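Quick notes on the structure that follows.
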There are 2 protein chains.
Amino acid sequence: MTPRTTFREVQAEILRRITHGPWGPGSLLPSEIDLAQEFACSRATVNRALREVDALGMIDRRRKSGTRVRMAPVRQARFEIPLVRAEIEAMGATYRYALVRREVLPTPDSLRALMNLGPESQLVHLICVHYGDGAPYQLEDRWINAGALPQARDHDFAAQSPNEWLVATVPFSEVEISFQATAATDLEATHLNHNPGDPVFQVKRSTWWQGQAITHTTLSYRPGHRMTARY
Amino acid sequence: MTPRTTFREVQAEILRRITHGPWGPGSLLPSEIDLAQEFACSRATVNRALREVDALGMIDRRRKSGTRVRMAPVRQARFEIPLVRAEIEAMGATYRYALVRREVLPTPDSLRALMNLGPESQLVHLICVHYGDGAPYQLEDRWINAGALPQARDHDFAAQSPNEWLVATVPFSEVEISFQATAATDLEATHLNHNPGDPVFQVKRSTWWQGQAITHTTLSYRPGHRMTARY
DNA sequence: ATACGTATTATGTCTACTCATAAGGAGCCA
DNA sequence: TGGCTCCTTATGAGTAGACATAATACGTAT
């Protein structure tokens, strides 16, 4: 029982009029005051509804000019980036994790520029495999800045995957993520049931905290992997 | 000159306290009323600030229980999906487009299930290439539902790319998008400077409008292409 | 001890009003 | 034809107060 008009109702009706109704691309919407009158609610309610439609990228709002339906909506896809464990368990599979390699090395030249580190810096290098129902799902090749996170030198990554340790240790970092297709290396072929040279879906992720590089990771997926989103 | 506390200031301070300050993962934030008192503003202002922090996936809000900092933030990457033209022109390159093939065919079996179409349905099939500064950038393999969009049968796609025609014709559709790595086909090799079998970054996109399949597209990128986002 | 109803409390949302700010447009003057 | 000021208008954002709703806490009856 909500006799009052809610901003969700207003929003739904506005969306309907844009997608199915009289407000086509480029058209000018009535002012907030007029809409408030029409929907018999306060201007604040209309404002909130319009602000959320704006966040969807479907309208363009300008002071004095008014609110206009975009000619082409600003398309944006949102991908949730879950922990591998959650991703695998969400498919109903049993998660297992194995540490393949663990070493402390001076920073390789290829990562020096990427992580903005000096020549004497050291990185903890980890290679591990994530399995779903016993089948390899993802190969993780991770480098952790030992200068920024000295605890990483001594941590035992055999029990807990580095990703889970990191989100618990540095929860709110800045992240740059990129997707690409590459040819399978011998390492990827060995651990992911690929043949060398096969196409591999890779995610590269760099994270920073307070201007310091924390970790750089390459995630390689099993053959046929897809990332999907709706919008 | 804004002597009043704005919701942005409140939001910034809350974010600071979560990321650098005293409110670590799992901790309970003061109630909106207490925060309003502390920041000398109204509850509505605090509410708006907290609502936006919630949208970032950093806190968990529950009636009666209060607001809690998440143990691990809900990571979400947002990708803007621009028109190829805009993508290429944003790099400072000159955009050119070429139509390679245009035909009307009965729906292939592989697409019948995907687009939920009957056996007598027909699709407009288009293959085109998008160039940046004369070099091939993206190969577009598109199928348009001729039943839902009869205008597509007669439209001349030599002048305008199908994507631009479609966003002008059916601007607000539902989209499913997925990314994957595949091996280059002969067609991709011919038009994108790949060798057959090379890894190709592919984007597949299906769009629907009012429950009807509109179009299904496979976008294949030139060698080395990356999709990048920050969050 | 367990089950159930009730009080409490924090968030969710709406109203009504106020002032701020960006920007289009009219009018005026050189 | 400019270029300038000033008025008007639509959104942006704040205040205070009210009621709704979900969920926990607690006290009482069985």
Side-chain angles (χ1 to χ4, degrees), chain A residues 1-18 22-71 73-74, chain B residues 1-18 22-71 73-74:
Chain A
M1 267 300 277
T2 47
R4 275 198 291 188
T5 343
T6 72
F7 78 94
R8 284 176 204 286
E9 290 169 326
V10 176
Q11 191 193 345
E13 176 59 18
I14 288 169
L15 281 174
R16 200 195 59 75
R17 290 190 191 175
I18 291 175
W23 297 340
S27 62
L28 184 67
L29 270 60
S31 77
E32 294 188 352
I33 293 176
D34 292 349
L35 287 170
Q37 204 155 43
E38 186 199 331
F39 290 114
C41 65
S42 76
R43 209 194 114 205
T45 302
V46 173
N47 181 274
R48 176 147 182 208
L50 285 173
R51 228 173 340 105
E52 303 215 349
V53 175
D54 190 25
L56 295 176
M58 300 179 70
I59 55 176
D60 187 31
R61 316 195 69 201
R62 240 174 264 180
R63 282 172 174 159
K64 163 71 185 169
S65 311
T67 301
R68 218 166 255 287
V69 180
R70 281 190 201 278
M71 297 306 279
V74 178
Chain B
M1 267 295 279
T2 47
R4 274 198 290 187
T5 343
T6 73
F7 79 93
R8 285 174 203 286
E9 290 170 324
V10 176
Q11 191 193 345
E13 175 60 17
I14 288 169
L15 281 175
R16 201 194 58 76
R17 291 190 191 174
I18 290 175
W23 297 341
S27 63
L28 183 67
L29 269 63
S31 77
E32 294 188 351
I33 293 177
D34 292 349
L35 287 170
Q37 205 156 42
E38 187 200 330
F39 290 114
C41 65
S42 75
R43 210 194 113 207
T45 303
V46 173
N47 181 277
R48 175 146 183 208
L50 284 173
R51 229 174 340 105
E52 302 215 348
V53 175
D54 191 25
L56 295 176
M58 300 179 69
I59 56 178
D60 187 32
R61 316 195 69 201
R62 243 174 262 181
R63 283 172 172 158
K64 163 70 184 170
S65 311
T67 301
R68 216 167 259 287
V69 180
R70 281 190 201 276
M71 297 305 279
V74 178

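Naming: A, B, ... by sequence-line order, numbering from 1 per chain. The structure displayed is predicted, hence computed values, not measured ones.
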Requested in this report: Select base, sugar-phosphate, or nothing to describe what A:Arg68 touches, counting heavy atoms under 4.0 Å on all strands.
Outcome: nothing
**Report entry** Heavy atoms from other residues, nucleotides or ligands near CZ of B:Arg62 exceed 12 (cutoff 6.0 Å)
**Finding:** no
Query raised in the report: Hey, is CD on B:Glu38 packed in by over 12 heavy atoms from elsewhere, all under 6.0 Å?
Result: yes
Requested in this report: Note the angle between the end axes of the helix from C:dA1-D:dT30 to C:dA30-D:dT1, five pairs defining each, rounded to 10 degrees.
Outcome: 10°
Query raised in the report: Nearest-Å distance, CZ (A:Phe39) to P (C:dC14)?
Result: 13 Å
Query raised in the report: Nearest heavy-atom pair of A:Val10 and A:Cys41: which atoms, and what distance?
Result: CG2-SG, 4.3 Å
Report task. Using side-chain contact (heavy atoms from CB on, under 4.5 Å) as the criterion, list what pairs up with A:Ser31, not counting sequence neighbours. Result -> A:Ile33, A:Asp34
Report summary line: The side-chain contact (heavy atoms from CB on, under 4.5 Å) partners of B:Leu28 (sequence neighbours excluded) come to B:Arg68
Report task. List in chain and number order the residues that pass side-chain contact (heavy atoms from CB on, under 4.5 Å) with B:Ser27, two or more places apart in sequence or in another chain; answer none if no residue qualifies. Result -> B:Trp23, B:Val69
Report task. Determine the minimum heavy-atom distance between B:Ala49 and B:Ile14, stating which atoms define it. Result -> CB-CD1, 4.4 Å
Requested in this report: For DNA chain D, determine which residues of residues 45-61 of chain B have any heavy atom closer than 4.0 angstrom to one of its atoms, and list them numerically.
Outcome: B:Thr45, B:Arg48
Query - Sub-4.5 Å side-chain heavy-atom contact between B:Glu32 and B:Arg61 - result: yes
Requested in this report: Answer yes or no: is there a side-chain heavy-atom contact under 4.5 Å between B:Ile18 and B:Val53?
Outcome: yes
Requested in this report: Could you check if a side-chain atom of B:Leu29 sits within less than 4.5 angstrom of a side-chain atom of B:Arg17, using non-hydrogen atoms only?
Outcome: no
Query raised in the report: Closer than 4.0 Å, any side-chain N/O of B:Arg43 to the OP1 or OP2 of C:dG12?
Result: no
Query - Euclidean distance, atom CG of residue A:Leu35 to atom C1' of D:dT9 [Å, nearest integer] - result: 15 Å
Interface polar pairs with nucleotides 5-10 of chain C, N/O, under 3.5 angstrom:
{"unit_1": "C:dA10", "atom_1": "O4'", "unit_2": "B:Lys64", "atom_2": "O", "d": "3.3"}
{"unit_1": "C:dA10", "atom_1": "N3", "unit_2": "B:Lys64", "atom_2": "N", "d": "3.4"}

